[in-house]
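Shown next, in structure tokens, is the structure this report addresses.
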Amino acid sequence: LFVCLLLLVGGLMAQSGATLRGSVRDAVDGTPLVGAVVSMADSSAFTLTDTDGRFLLRATPGIGNLVVRYIGYIPLEVKVGEGDLDIMLQ
């Protein structure tokens, strides 16, 4: 029973995705954008960038798109890929 429970929990954790990492910066001068909203286009999952413009978001790489918004900038939708994302807003 214990082994079955471990396999079940392990399978659920594997399906939950990975942590997407990246940063959001100004396209003109490279300034980090603090508090930008980074969300999955097809779900309610979202996060805000930190004081260095960096973010972490639980999602599945290669599946779906991220939408990035910040006041005074044009929203940007980007394909979720492997590795860190370097997002530049205009």
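Quick note: numbers below take in every heavy atom, side chains included, and nothing from hydrogens, waters or symmetry partners.
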*Compare every heavy atom of R69 with every heavy atom of P75, then report the nearest pair and how far apart it is.*
CB-CG, 4.0 Å
*asked:* Please give me the minimum heavy-atom distance between K79 and L85, naming the atom from each residue.
replied: O-CD2, 4.5 Å
*asked:* Using every non-hydrogen atom in the two residues, find where A27 and Q90 come nearest and quote the distance to one decimal.
replied: CB-CG, 3.6 Å
*What's the spacing between M88 CE and L33 CG if we round to 0.5 Å?*
9.0 Å
*Would you mind reporting whether I87 and Y70 have side-chain heavy atoms less than 4.5 Å apart?*
no
*Taking only residues two or more places apart in sequence, or in another chain, which ones meet D52 in a salt bridge (Lys or Arg N to Asp or Glu O under 4.0 Å)?*
R54
_For L56, is there any backbone N or O sitting under 3.5 Å from a side-chain donor or acceptor partner on T19?_
no
_Given V34, V68, V37, the one that forms side-chain contact (heavy atoms from CB on, under 4.5 Å) with V24_ = V68
*If Ile, Leu, Val, Met, Phe, Trp and Tyr residues are connected whenever their side-chain heavy atoms lie under 4.5 Å apart, and connections chain through other members, are V38 and Y73 in the same group?*
yes
_Heavy-atom closest contact (G53 atom, P32 atom, distance)_ = N-CB, 3.7 Å
*Please check if V80 and V78 belong to a single hydrophobic cluster, counting links between Ile, Leu, Val, Met, Phe, Trp and Tyr side chain heavy atoms closer than 4.5 Å.*
yes
*Heavy atoms only: give me the nearest A41-V67 pair and the separation to one decimal.*
CB-CG2, 3.8 Å
*Do you reckon L76 sits in the same ILVMFWY cluster as F55, going by side-chain contacts under 4.5 Å, direct or chained?*
yes
*Answer yes or no: is there a donor N or O on one side and an acceptor on the other, between the side chain of T31 and the main chain of D26, under 3.5 Å?*
no
*Sequence neighbours left out, what passes salt bridge (Lys or Arg N to Asp or Glu O under 4.0 Å) with D84? Give chain and number order.*
none
